[in-house]
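Labels below follow one simple rule: chain letters A, B, ... track the order of the sequence lines, proteins then strands, and each chain is numbered from 1. This one's a predicted model, so the numbers in the text were calculated from it and none came from an experiment.
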Amino acid sequence: MRISFWLLDIDSHKPGPRPEVRLWGIDEEGKRVLLIDKNFLPRFYAVPRNDSSQNVLINRCSRIEGVAEVRPAKKRFLGKELTCAEIWVKDPSSMDKLAKKISNLDVVAGCYEHDIRYTMQYLILRDLPPCKFVEVEVSPTSKPEDAQIDSAYEVTGEFKLSEVEESPELRTLSFYCVIPGKRGSPDPRNSPVVMISIITPDGETICLEAGNDDSELLKDFCEVIKSSDPDVIFGYGTNKRDWMYLVERAKVNGMKLPVGRIGLFPHTSAYGHVSVTGRANLDLLDFVEDIQEIKLKTLRNAADYLGVMPENEGPEILEYELYDYWSRKREVLRDYARHNVRRVRGLGEKFLDFGIQLSQVVGLPLDHVAAAAVGFRVEWFLIKEAVRRGELVPPRKEAFAGSYVGGMVLKPEPGVHENIAVLDFASMYPNIMMLNNVSPDTYIPPDEPDPPQGCYVAPEVGHRFRKEPPGLYREILSELIRARREVKEKLKSLQEDSPYYRVLQARQKALKVIANATYGYTGWVGARWYLKPVAEATAAWGRYYLRSIIAMAEEAGFKVIYGDTDSIFIRYREGVEDLLNRIEEKLSLDIKLEKVYQRIIFTEAKKKYAGLLEDGTMDLVGLECVRGDWPDVARKAQREVVRIVLTTKEIREAREKAKSFIRKYMEDVRNLRVPLRDFTIWKEITKKEYKARTPHLKVAEDLRRMGWKIKPGDKVGYVVVKGSGKLYERSVPFFSARPEDIDVDYYIDKMILPAVMRILKFVGVKESELKGGGGLEAFL
DNA sequence: GCGTGGGGGATACCG
DNA sequence: ACCGGTATCCCCCACGCG
């Protein structure tokens with residue numbers, strides 16, 4: 001029989017002599033099904049030292065224990081054709097060992113693709129995209145007795161992409177755990193999970209609560225999951241924290257934690273994601289990490305930023321207060337947990353479409369792709385496409401991280417400007433790579449002569465790339481960009497509120513993310529396709545094109561006020577369209593009039609400016625007010641000053657307004673008439689060992705002494721208090737300072753004044769005018 | 001012994 | 001565990017002065 005199947009999760013096991021791939025998913029009727037494929041073995045390639053020994057190689061390999069079959073194969077490696085042996089392996093878990101053994105044979109130059117997991121080989125070789133309907137021939141088989149599914153089948157045919165583009169209706173479950181620590185971070189050996197709030201697939205909210213211990217709670221949690229049988233589980237911070245904690249607690253209680261569609265425990269797997277067999281466990285923090293505008297990645301902030309729930313809704317309880325609320329204000333804690341699980345679900349709804357599309361594009365299962373860093377998302381996309389093209393996948397190797405010169409940044413013309421146009425190249429780096437066929441497989445090393453078809457030569461650095469045939473990057477980038485253009489075209493004909501619109505919107509975003517990260521990927525030492533000249537040449541061409549458009553703009557009589565990497569800022573006037581056309585014609589690169597600022601202000605610094613668009617929105621770029629490591633007192637003050645300067649017609653009037661605002665604001669700060677949290681400075685702990693003494697490291701030490709486990713990736717919030725000595729000696733955790741201890745002079749002199757003066761000095765304000773409120777200092 | 005200036009560490013931004 | 005370019009703060013130490 002033939003079924004439609006949508007892949008949610010994949011795993012493998014080995015019940016007998018042959019391994020099995022298990023595909024967990026949903027059929028077109030909405031049945032939860034398990035497909036079992038007993039006819040797939042993994043394979044890798046052995047490349048002989050020279051062509052003549054291919055037969056010898058095949059013979060030698062065939063006789064090795066654990067090899068199922070050896071076939072001759074023709075492949076390409078970095079553009080070079082080669083013949084090799086395709087070695088099929090009986091037991092996936094022995095592939096590495098086998099490859100190592102074969103690598104050591106005297107007739108073998110090297111082995112490839114043994115480092116690609118069995119399940120990923122399956123998806124790629126069988127052309128099975130995750131999160132997409134496919135049709136496949138199957139035969140019914142008996143359900144594994146402990147598997148929670150409607151039916152099981154054995155795969156008997158090939159997968160064929162289905163016409164159906166929609167996703168099935170997924171059952172989602174959201175959960176939020178409350179885990180108080182008596183003193184600092186909770187320890188699973190002695191601190192129980194006290195509450196789990198859940199929103200089931202039916203929309204029912206359940207709030208589980210611990211009794212004397214959490215064994216009932218954990219049992220009930222598993223029971224809710226089992227009975228509501230979700231396809232997707234949403235949580236926040238669950239990959240790094242909650243799941244591990246729940247598993248540890250289960251072990252302490254001598255229990256299992258059977259939350260999957262089979263198996264007794266969730267387990268940590270690739271990219272640090274926690275795998276719940278048969279379901280997709282998604283940690284929404286993984287998506288929030290990619291949103292740079294959210295500085296402090298709390299559930300509350302993320303939900304607020306994304307319009308899921310205002311930050312002031314529901315009680316706010318800080319981590320160190322949880323234990324107290326559990327002991328004495330439990331009703332508030334329940335309310336808190338209920339609000340937070342709603343936040344989790346809201347975020348899940350925001351990100352699910354994107355996750356699904358990313359999974360389709362990249363080819364990694366949904367839960368993997370969500371947790372994978374950008375580099376790995378790009379890489380799996382490349383791996384899938386390379387295999388499809390018969391190109392061997394390079395192994396990951398230790399490489400020396402040689403640095404190279406990147407993009408070009410112009411010194412801005414400081415001051416206030418009006419009517420400024422921004423011209424920028426559309427997807428500059430991807431287009432450069434396509435245009436000049438920049439790719440690891442088209443690169444010509446210095447010792448090789450020019451090929452007959454000719455080559456592109458990068459400016460400044462001189463790296464050469466074959467004109468023909470098209471390289472891997474040219475192929476995959478043009479495919480990504482073509483697909484995205486097609487999706488964007490289709491979007492135009494759809495209603496913005498239709499579900500399909502949301503799907504396509506997510507799809508074009510997924511395609512863009514991958515295309516835009518490809519240049520960065522080429523310069524990543526850890527990349528399988530890392531090749532410094534590829535990144536170096538791309539950047540060199542970028543500088544060349546930027547210089548070209550600067551010259552063309554100046555030739556046309558425009559003054560270039562600023563520029564960064566792929567853009568220039570010029571006065572907007574007659575002739576801009578003309579300039580754009582001439583640039584496109586000369587350079588064969590898309591360039592656009594990106595925006596026009598009514599007014600824009602630059603300081604002397606690069607990468608920092610504030611502009612007012614025609615529609616009244618403000619762009620704040622690089623300034624202190626967009627940086628998460630400045631306290632809100634300084635950020636708010638600067639932001640308001642910028643707003644005044646940009647929106648007040650007369651500069652003279654703006655100056656006076658800004659002055660009186662800042663004077664008053666500083667008075668408010670001095671008298672603590674601003675929210676206390678606006679003094680907190682947040683900084684990330686980025687590593688284990690430090691050379692320097694800094695405020696945030698000293699505070700991290702304080703917190704550790706208090707029992708908090710501070711790890712790289714954590715942010716510490718501190719305030720500066722009055723007293724003598726170094727700044728770091730006067731920095732304390734934000735929650736342990738009394739308002740009257742705060743060193744308001746520090747905040748005014750070192751944070752607020754510098755931040756606002758950087759703007760105000762360009763409208764004629766002197767620092768002395770702000771300090772004394774027009775007093776004596778003004779005359780000094 | 002004390003103030004200063006510059007180098008370097010650390011962080012987070014831009015494109 | 002994506003790149004290089006950049007600003008900014010703070011710490012620290014060499015240096016000059018007395």
Side-chain angles (χ1 to χ4, degrees), chain A residues 270-272 289-290 292-293 295-296 371-379 382 396 399 401-412 422 424-430 433 513-532 534-540 542-543 546 562-569 594 603-609 619-631 634-635 681-687 689-698 700 712-713 715-716 720 725-731 746 749-751 754-755 758:
Chain A
Y271 315 116
E289 294 279 8
D290 295 339
Q292 295 314 305
E293 288 84 353
K295 310 294 173 185
L296 199 57
V374 185
F376 291 107
R377 291 175 182 171
V378 172
E379 187 150 280
L382 285 171
R396 203 174 289 292
S403 69
Y404 65 92
V405 183
M408 184 168 76
V409 191
L410 307 186
K411 267 210 190 91
V422 183
D424 74 359
F425 288 115
S427 308
M428 186 181 74
Y429 285 141
M433 295 170 82
V513 164
I514 302 302
N516 285 350
T518 303
Y519 157 71
Y521 173 84
T522 67
W524 173 33
V525 219
R528 288 175 184 263
W529 275 277
Y530 171 71
L531 190 61
K532 197 177 90 170
V534 167
E536 192 168 38
T538 305
R543 295 191 299 275
L546 189 67
Y562 178 61
D564 186 351
T565 311
D566 61 354
S567 69
I568 55 170
F569 291 55
E594 179 70 11
T603 68
E604 287 102 343
K606 296 171 175 180
K607 295 185 182 280
K608 294 190 172 195
Y609 57 87
D619 274 351
L620 300 169
V621 181
L623 294 166
E624 287 73 16
C625 60
V626 300
R627 294 183 60 105
D629 58 347
W630 280 68
R635 297 174 63 190
I681 299 167
W682 291 94
K683 279 197 164 75
E684 190 182 311
I685 300 294
T686 59
K687 40 187 172 180
E689 303 255 4
Y690 282 90
K691 289 179 183 168
R693 296 281 284 150
T694 69
H696 81 294
L697 295 176
K698 181 264 182 186
K715 281 209 169 162
V716 299
V720 176
K726 296 263 180 286
L727 197 62
Y728 64 81
E729 294 167 308
R730 298 191 284 122
S731 302
Y746 167 78
D749 294 334
K750 297 292 162 57
M751 303 265 114
R758 273 193 264 282

Using a cut-off of strictly less than 4.0 Å, decide whether [X] has a side-chain nitrogen or oxygen near OP1 or OP2 of [N].
X: A:His696; N: B:dA10; value: no
X: A:Arg758; N: C:dT8; value: yes
X: A:Thr694; N: C:dC11; value: no
X: A:Tyr609; N: B:dG15; value: yes
X: A:Lys691; N: B:dG9; value: yes
X: A:Lys687; N: B:dA10; value: yes
X: A:Lys683; N: B:dT11; value: no
X: A:Lys295; N: B:dC13; value: yes

Between [options], which one does the side chain of [X] approach most closely?
X: A:Lys715; options: B:dA10, B:dC14, B:dA12; value: B:dA12
X: A:Arg693; options: C:dC12, B:dT11, C:dT8; value: C:dC12
X: A:Tyr404; options: B:dG15, C:dC3, C:dC9; value: C:dC3
X: A:Val374; options: B:dC14, B:dA10, C:dC2; value: C:dC2
X: A:Pro695; options: B:dT11, B:dC14, C:dC10; value: C:dC10

Without decimals, in angstroms, what is the distance between [X] [atom1] and [N] [atom2]?
X: A:Asp564; N: B:dC13; atom1: CG; atom2: C1'; answer: 11 Å
X: A:Leu727; N: B:dT11; atom1: CG; atom2: C1'; answer: 15 Å
X: A:Tyr690; N: C:dC11; atom1: OH; atom2: C1'; answer: 15 Å
X: A:Glu689; N: B:dG9; atom1: CD; atom2: C1'; answer: 15 Å
X: A:Glu379; N: C:dC2; atom1: CD; atom2: C1'; answer: 11 Å
X: A:Lys411; N: C:dA7; atom1: NZ; atom2: C1'; answer: 14 Å
X: A:Leu546; N: B:dC14; atom1: CG; atom2: P; answer: 18 Å
X: A:Leu697; N: B:dT11; atom1: CG; atom2: P; answer: 6 Å

Look at all strands and tell whether [X] reaches a base, only sugar-phosphate, or nothing, counting heavy atoms closer than 4.0 Å.
X: A:Ala535; result: nothing
X: A:Gly407; result: sugar-phosphate
X: A:Glu624; result: sugar-phosphate
X: A:Tyr728; result: sugar-phosphate
X: A:Lys532; result: nothing
X: A:Gly520; result: base
X: A:Tyr562; result: nothing
X: A:Tyr746; result: sugar-phosphate
X: A:Thr518; result: nothing
X: A:Val405; result: sugar-phosphate

Taking the inter-plane angle between the rings of A:Phe376 and A:Trp524 on a 0 to 90° scale, is it parallel (under 30°), tilted (30 to 60°) or perpendicular (over 60°)?
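Because their plane-to-plane angle is over 60°, the rings of A:Phe376 and A:Trp524 count as perpendicular.
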Is it the case that A:Lys532 places NZ or CZ above or below the six-membered ring of A:Tyr530, under 6.0 angstrom from the centre and within 45 degrees of the axis?
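Judged by the rule, A:Lys532 and A:Tyr530 form no cation-pi pair.
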For A:Lys295, is the NZ atom crowded, meaning more than 12 foreign heavy atoms sit under 6.0 Å from it?
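More than 12 heavy atoms, drawn from other residues, nucleotides or ligands, come within 6.0 Å of this atom.
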Is it the case that the side chain of [X] and the backbone of [Y] share a donor-acceptor pair, with hydrogens and angles ignored and the cut-off at 3.5 Å?
X: A:Tyr562; Y: A:Lys607; answer: yes
X: A:Arg543; Y: A:Val405; answer: yes
X: A:Arg396; Y: A:Ala527; answer: no
X: A:Ser567; Y: A:Gly563; answer: no

